[in-house]
*Asks:* 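Mind having a look at this structure? Questions to follow.
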Amino acid sequence: MTADGPDGVPPLHLPRRTRLLLYGALVLLVAAVVAALAIGPGSTLAPLLAVAPVLAGATTRKPRVPLLVGAVALLSVGLLESANAELPLSVRISVQVTVLASTLASAASVVLVAARERELFQVRTVAEAAQRALLRPPPERIGPLRLAVRYVAAAAEARIGGDLYAVVETRFGVRILLGDVQGHGLPAVETAADVLGVFREAARTEPDPGRLARRLDAALAARQPDEGRFATALLLDVPPGRGPVRLVNCGHPPPLLRRAGRVSELDPPFAAPPLGLLGLTGGTYPDRRFDPEPGDLLLLHTDGVSEARDAAGGFYPIADRLPGLHGGTPADLLDAVLADVDGWVGDTGLADDAAVLAIRWDP
């Protein structure tokens, strides 16, 4: 993100529909000026020139633009009135005051909007820095693995939310975490930071992924004792050499394995609670093992993807759509997935944050 606009304000990008509306208003204004010249003495359409600085203010973040346009409008009013000697003095004065007031109000509005956008830009910049520190992008390749991750916040200005991911290289192999914290806003971000901090430390010392999940559960339960906050999560343990991959599912949507064009869900041996709630059941976190083959692709996602709704309220059928989505790399595939989700939800947009992580075993 860069601030190419004036005084640190991002450049203004008007949607096509907005530009068409402004062009239409400009055409009407020019037609009104032409009509004012032809209407004859005794009446005037000059007050319509007060619209000119308003239109100018809508297309810029520089206050001098509506001021200059307003000055031209005032000059045009003077020329129109000089050619209309029968116009009453009160009308002449009221027209000039109207154009002047519109000019000053438009310039003030531009200053106010630019100040708010500058403040919002600074907040978004801080949020992006926090996201880079909290959600570190994984390397594109680790041994035979090719990885990619994408994160989309439901609130476009938030840049960060309660979804989380991490990839850590350890002496036990590659440890991967993808999760979704219950709730929204700053409390969810704080909880995500807690989970990630414990994972990055424990992943390097705990050899068993099931016990690693229990450590995450205990840490979350201890740090959020009164709030009852929890997080669903997937933990993936990829050994450094040949051997089965171990997958621990903590109440999270199951990952999808695409092999030879077919997609299957990797369900856990039995249901386990989210992190932070294991104490309520007294159970354990079992692991499921599978042997990856060259060309296999594993897709991990949060419910922001699988629960994205179309206009009719239907959930996005990711397992059914994934076989028809293609990309040269895991990153290309994730871009295709998110583009497909975006087309599915249409104008309604995502209702929740969404994170997707893809792993492919190359030959």
Side-chain angles (χ1 to χ4, degrees), residues 135 138 147-156 158 160-167 176-184 188 191-192 195 213 229-236 245 247-259 261-277 285 288 290 296-327 330-360:
L135 303 176
L147 302 100
V149 66
R150 294 290 185 269
Y151 180 92
V152 179
I160 193 169
D163 287 5
L164 56 96
Y165 59 83
V167 178
I176 298 172
L177 168 69
L178 184 131
D180 183 2
V181 174
Q182 169 259 340
H184 301 279
T191 303
V195 173
R229 195 171 296 278
F230 60 87
T232 65
L234 290 171
L235 289 127
L236 201 66
V245 173
L247 174 68
V248 178
N249 190 323
C250 309
H252 198 82
L256 302 174
L257 176 65
R258 189 169 78 177
R259 173 178 291 174
R262 301 183 62 182
V263 173
S264 59
E265 292 185 346
L266 298 183
D267 294 312
F270 57 85
L275 299 174
L277 300 182
Y285 287 116
R288 169 173 179 164
F290 74 96
D296 280 357
L297 184 135
L298 191 66
L299 183 74
L300 287 63
H301 63 89
T302 61
D303 59 11
V305 175
S306 56
E307 295 182 4
R309 296 175 182 264
D310 61 7
F315 289 128
Y316 178 71
I318 183 169
D320 296 332
R321 310 275 288 194
L322 185 59
L325 301 176
H326 301 283
D332 294 335
L333 176 65
L334 293 188
D335 290 337
V337 169
L338 292 178
D340 196 50
V341 172
D342 189 59
W344 179 268
V345 300
D347 295 335
T348 59
L350 289 174
D352 196 4
D353 301 332
V356 283
L357 190 150
I359 309 156
R360 190 177 71 193

*Asks:* Does any N or O in the side chain of R150 come within less than 3.5 Å of the main-chain N or O of D335, such that one atom is a donor and the other an acceptor?
*Replies:*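 No.
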*Asks:* CG/N249 to CG/L234 distance, rounded to the nearest 0.5 angstrom?
*Replies:*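 Between atom CG of N249 and atom CG of L234 there are 5.0 Å.
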*Asks:* Quick check for you: to the nearest 0.5 Å, what is the distance between L236 atom CG and L178 atom CG?
*Replies:*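 If I round to the nearest 0.5 Å, the distance is 10.5 Å.
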*Asks:* Stepwise, does the side chain to side chain contact (heavy atoms under 4.5 Å, CB included) test hold for L300 with V149?
*Replies:* CA-CA 9 Å; L300 287 63; V149 66; over 6 Å; no
*Asks:* Ignoring hydrogens and geometry, is there a side-chain-to-backbone donor-acceptor pair from R258 to L322 under 3.5 Å?
*Replies:* yes
*Asks:* Rounded at 0.5 Å granularity, tell me how far CZ in R360 sits from CG in L147.
*Replies:*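 Rounded to the nearest 0.5 Å, the CZ-CG separation comes to 10.5 Å.
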*Asks:* How many angstroms lie between CG in D353 and CG in L164, if you round to the nearest 0.5 Å?
*Replies:* 10.5 Å
*Asks:* Under a 3.5 Å distance rule, please check whether Y316 uses its side chain to pair with a backbone N or O of D310 as donor and acceptor.
*Replies:* no
*Asks:* CG of L357 to CG of D163: how many Å apart, nearest 0.5 Å?
*Replies:* 12.0 Å
*Asks:* What closest approach, in Å, do R288 and D267 show between heavy atoms, and which atom pair accounts for it?
*Replies:* NH1-O, 2.8 Å
*Asks:* On a heavy-atom basis, which atom in C250 and which in A213 lie closest, and how many Å separate them?
*Replies:* SG-CB, 4.0 Å
*Asks:* Looking at H252 and H301, would you say the former's side chain and the latter's main chain have a donor-acceptor pair under 3.5 Å?
*Replies:*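 Yes, because the side chain of H252 sits within donor-acceptor range (under 3.5 Å) of the backbone of H301.
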*Asks:* Do V341 and V152 touch side chain to side chain, with heavy atoms closer than 4.5 Å?
*Replies:* no
*Asks:* Would you compute the distance between atom CG of L275 and atom OG1 of T232 and round it to the nearest 0.5 angstrom?
*Replies:*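 Spacing of CG (L275) from OG1 (T232) equals 8.0 Å.
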*Asks:* Indicate yes or no for a side-chain donor-acceptor contact from Y165 to the backbone of I176 under 3.5 Å, with no hydrogens or angles considered.
*Replies:* no
*Asks:* Would you call F290 and L298 a side-chain contact if the rule is heavy atoms closer than 4.5 Å?
*Replies:* yes
*Asks:* Identify the two heavy atoms, one from R321 and one from W344, that lie closest to each other, and give their separation to 0.1 Å.
*Replies:* NH1-CZ3, 4.1 Å
*Asks:* With side chains defined as the heavy atoms from C-beta onward, is the minimum distance between V345 and R309 less than 4.5 Å?
*Replies:*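 No, too far: nothing below the 4.5 Å cut-off.
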*Asks:* Mind listing the closest non-hydrogen atom pair of Y151 and A355 along with its distance?
*Replies:* CD1-CB, 4.0 Å
*Asks:* What pair of heavy atoms forms the shortest contact from V167 to P138, and how long is it?
*Replies:*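 Heavy atoms of V167 and P138 come nearest at CG2-CB, 3.6 Å.
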*Asks:* P323 and V263: which non-hydrogen atoms are nearest, and at how many Å?
*Replies:* CG-CG2, 3.5 Å
